[in-house]
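Both backbone and side-chain heavy atoms feed into the values below; hydrogens, waters and symmetry mates do not. Chain A is the first sequence line, chain B the second, and so forth, proteins listed ahead of strands; every chain is numbered from 1.
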Protein chains: 2
Amino acid sequence: MTKRNVTKLTTVASNPKPTGSDTDRLVDELRRRIVTNEMPPGSRIRENELAEEFGVSRSRVRDAFGILEERGLIERIPNKGAVVMRLEADSFLELFDVREVLEGLMVRLATQNTEPEYWNDLIELFGDDLEKAVSENDFNAYMAAIAQFRKGCIEAAGSDTLRGLLDDIYDRVLSMTRRLMLVPGRASEGFRQHQGILQAMKEGDAEKAEGLKRDNIRSARQWFLKYNDFLL
Amino acid sequence: MTKRNVTKLTTVASNPKPTGSDTDRLVDELRRRIVTNEMPPGSRIRENELAEEFGVSRSRVRDAFGILEERGLIERIPNKGAVVMRLEADSFLELFDVREVLEGLMVRLATQNTEPEYWNDLIELFGDDLEKAVSENDFNAYMAAIAQFRKGCIEAAGSDTLRGLLDDIYDRVLSMTRRLMLVPGRASEGFRQHQGILQAMKEGDAEKAEGLKRDNIRSARQWFLKYNDFLL
DNA sequence: GCATATTATATTGTTGACAATATTATTGGC
DNA sequence: GCCAATAATATTGTCAACAATATAATATGC
C-alpha cells in the first residue's frame with residue numbers, strides 16, 4: 001500500500017473535460033448552468049432552443065438530457081419536456097445522510113493513503129488569511145477553499161467509485177451549500193471544523209478525521225433544519 | 001417522525017417496473033442479463049442485434065445504452081461499440097468500501113424508522129429452515145432471503161436517494177456476491193451475521209445494527225481478498 | 001510465405017423528416 | 001363577457017436513411 005506524497009494543487013477548479021464529444025460539452029455546460037442557479041429549479045428547458053444555441057442537432061441535446069436525468073439534475077416528463085430538478089426539504093435531508101457517511105469515508109481513506117506532508121498546502125490555505133476572509137464574509141474565497149479541500153481529499157482517497165458518487169451528490173447540493181453559507185455563523189463554524197479535520201489528517205488519525213468530517217456534515221444538517229424556511 | 005408498522009413482504013422480488021417505454025423495457029432486460037451473467041463481463045453487444053430482437057428502432061437501443069453506461073453496467077468505446085463492464089479487483093474493493101458505509105446507513109435509518117414488530121417476518125425467514133438450507137448449500141434460498149432483507153431495509157429506511165445509490169451498487173456486485181457465496185464457510189457466516197443484525201434492529205439499537213452491518217461487509221471484503229484469485 | 005496496401009463489409013454516429021402529443025389561440029354559442 | 005369545442009401552433013418522440021469509423025477480407029510486392 002504505497003502512500004502518495006504532496007502534489008501541486010491547481011489554484012482554480014475549472015471544468016474537468018474541456019474537450020470531448022458534442023454531447024459531453026452540452027452536459028458540461030448545462031450542468032454548470034444548473035449548479036450555478038443560472039437555470040434555477042423548475043426552469044423548463046426546450047430541446048430546440050439548446051440545439052440552435054449550440055449549433056448541434058436536437059438528438060445531441062436529447063442524449064445530454066438523458067445523462068442529466070440519470071444524474072438527478074433534471075426531470076423529464078414524457079411528451080411534456082424537461083425541467084431542472086426541484087429538491088424538497090426531505091431530499092436535502094436524505095442527501096445530508098449519505099454525504100455524512102460518504103464524505104466520512106473519503107476523509108478516512110485519504111488519511112490512510114497519504115503522508116502527513118500531503119496536507120501542508122491545505123493547512124496553509126485554511127490559515128489566518130482565509131479566517132479573516134470568512135470573518136469579512138468573503139464567501140467566494142471560502143467556497144474556493146472548500147472546493148480545494150474536496151479535490152485534495154478525493155484525489156488522495158483514490159477511489160473512482162467514491163469519486164463518482166460524490167461528484168453526483170456535489171452537483172445536487174452545491175446551490176444549497178452556497179445559500180447555507182449566508183446563515184450567520186455557519187461559515188466560520190465550517191471553517192473551524194475543516195481546520196480540525198485537516199489537523200487530524202496530518203496526524204494520520206483516520207478514525208478521528210472521519211468522525212470530525214461526519215460531525216461537520218451533521219452540523220450543516222442542523223443549520224439547514226433550523227433555517228430551511230429561509231433556505232428553500 | 002412517525003414510525004411505520006409491519007407490512008406484508010412479497011415472496012419473490014420480480015422486476016420492479018413491468019410497464020414503461022420501450023427504452024425502459026430494454027434497460028430492464030439488459031440489466032437482468034448482465035447481473036445474471038447471461039451476458040458476462042467483456043461481452044460485446046451490438047445495437048442492430050438488440051434492435052431486431054426486441055423489434056424496436058436502433059435509437060431506442062442507443063438510449064438504453066446511454067443509461068446503462070451512466071449506471072456503470074456497460075462501457076462504450078466511441079466508434080467501437082459497447083461491452084459489459086469488466087470489474088477489476090480494485091473496483092470491487094472500492095465497492096466494498098462504499099457498501100460498508102451506505103448499507104450501514106441503510107440499517108441505521110431502517111431501525112430508527114420502525115417498530116420492533118416490523119422485523120418479525122424477516123427474523124422468521126432467517127430461522128432454522130434457512131439455516132438448514134444454507135448448511136445444505138441451497139444458495140438460491142439464501143440469495144432470496146438476502147434480497148428480502150435488502151428490500152425490507154431499504155423500504156424502512158425510506159430514503160429514495162439512498163435507494164438509488166444502493167440499487168446501482170447492487171447491480172454491479174450481484175454476480176460477485178453469488179460467487180462469494182460458494183467459498184466454503186462464507187454463506188453460513190453471512191447468515192449468522194444477518195441474524196445478529198436483525199436482532200439488533202428488533203431491539204431498536206440502531207448504532208449496534210449499523211456496526212454489525214458494517215462488520216458484515218468488512219468480513220465479506222476479507223473473504224474476497226483471500227479468495228480473489230478464484231473469484232475473478 | 002509474409003508483410004503491407006487496398007478494397008469490401010460491418011458497426012457505430014449523426015441528422016433531418018415525420019408522427020404523436022401537449023399547449024395555445026380562435027371560434028361559436030349563450 | 002364567459003365557457004366549451006375546435007383549430008392552429010409548438011414541442012417532444014420515433015424512425016429510417018446517410019456519413020464516419022473500425023474491422024475483416026483480398027490483393028499486391030518482395
Side-chain angles (χ1 to χ4, degrees), chain A residues 15-34 38-87, chain B residues 15-34 38-87:
Chain A
N15 49 346
K17 19 177 173 173
T19 180
S21 67
D22 284 353
T23 304
D24 287 344
R25 288 192 303 106
L26 266 167
V27 168
D28 231 51
E29 173 60 13
L30 291 177
R31 186 192 75 92
R32 192 192 64 76
R33 293 186 186 180
I34 292 172
E38 207 168 301
M39 285 173 156
S43 305
R44 173 119 183 250
I45 19 187
R46 288 181 189 77
E47 300 176 353
N48 259 325
E49 285 181 15
L50 288 170
E52 195 169 354
E53 176 184 351
F54 287 90
V56 298
S57 149
R58 202 159 62 85
S59 312
R60 307 298 99 232
V61 179
R62 201 148 237 287
D63 288 349
F65 277 17
I67 293 174
L68 292 171
E69 181 182 28
E70 199 68 14
R71 291 196 193 166
L73 287 179
I74 69 173
E75 192 180 7
R76 290 175 96 179
I77 303 151
N79 291 316
K80 288 209 57 178
V83 295
V84 177
M85 184 72 85
R86 190 191 300 274
L87 291 184
Chain B
N15 48 346
K17 22 179 173 172
T19 180
S21 66
D22 284 353
T23 304
D24 287 345
R25 289 193 300 106
L26 266 167
V27 169
D28 230 51
E29 173 61 13
L30 290 176
R31 188 193 73 93
R32 193 193 61 77
R33 292 186 187 180
I34 292 171
E38 207 169 300
M39 285 173 154
S43 303
R44 173 120 183 249
I45 20 187
R46 289 180 189 80
E47 299 176 353
N48 260 325
E49 285 180 15
L50 288 170
E52 196 168 355
E53 176 184 351
F54 287 90
V56 299
S57 148
R58 203 158 64 83
S59 312
R60 308 298 100 233
V61 180
R62 201 147 236 288
D63 288 349
F65 278 17
I67 293 173
L68 292 170
E69 181 183 28
E70 199 68 10
R71 291 195 191 166
L73 286 179
I74 70 173
E75 191 180 6
R76 290 175 95 178
I77 302 150
N79 292 314
K80 288 208 57 176
V83 296
V84 178
M85 184 72 85
R86 191 192 299 275
L87 291 185

* Nearest-0.5 Å distance that lies between atom CG in B:Asp63 and atom CZ in B:Arg58 -> 11.5 Å
* **Minimum-distance nucleotide to B:Ser59 side chain [options: D:dA16, C:dT11, D:dT12]** => D:dA16
* Can you tell me how far P of C:dG16 sits from CG of A:Asn48, to the nearest Å? -> 12 Å
* Does C:dT15 have OP1 or OP2 sitting under 4.0 Å from an N or O in the side chain of A:Arg58? -> no
* Structure fact -> Only residue of A:Ile45, A:Leu26, A:Leu30 satisfying side chain to side chain contact (heavy atoms under 4.5 Å, CB included) with A:Leu68 is A:Leu30
* To do: Find the distance B:Ile77:CD1 to C:dT11:P and express it as a whole number of Å.
  => 16 Å
* Asked: Which whole-number value in Å describes the distance from B:Asp22 CG to C:dA19 P?
  -> 19 Å
* To do: Whole angstrom is fine here: how far is it from CD in B:Glu52 over to C1' in D:dA16?
  => 15 Å
* What is the distance from atom CD of B:Glu70 to atom CZ of B:Arg76, rounded to the nearest 0.5 Å? -> 11.0 Å
* Let me know the distance between CD of A:Glu47 and C1' of C:dT21, rounded to the nearest Å. => 13 Å
* Asked: Which nucleotide in the set D:dC15, C:dT23, C:dT12 lies at the smallest distance from any side-chain heavy atom of B:Arg60?
  -> D:dC15
* Whole-Å distance between D:dT14 P and B:Leu26 CG? -> 11 Å
* Salt-bridge test for A:Asp28 and A:Arg25: reply yes if a basic N is under 4.0 Å from a carboxylate O, no otherwise. => no
* Asked: How do A:Asn79 and B:Phe65 order along DNA chain C: which one's closest nucleotide is nearer the 5' end?
  -> B:Phe65
* Are any of A:Lys80's side-chain N or O atoms less than 4.0 Å away from OP1 or OP2 of C:dT23? -> yes
* **Under-4.0 Å salt bridge between A:Arg32 and A:Glu38** => yes
* Measure the distance from CG on B:Asp63 to P on C:dT14 and round it to the nearest whole Å. => 13 Å
* Can you tell me the distance, in whole Å, between the CZ atom of A:Arg76 and the P atom of D:dT11? => 16 Å
* To do: Counting heavy atoms from C-beta on, name the nucleotide in C:dT11, D:dT12, C:dT15 closest to the side chain of B:Arg46.
  => C:dT11
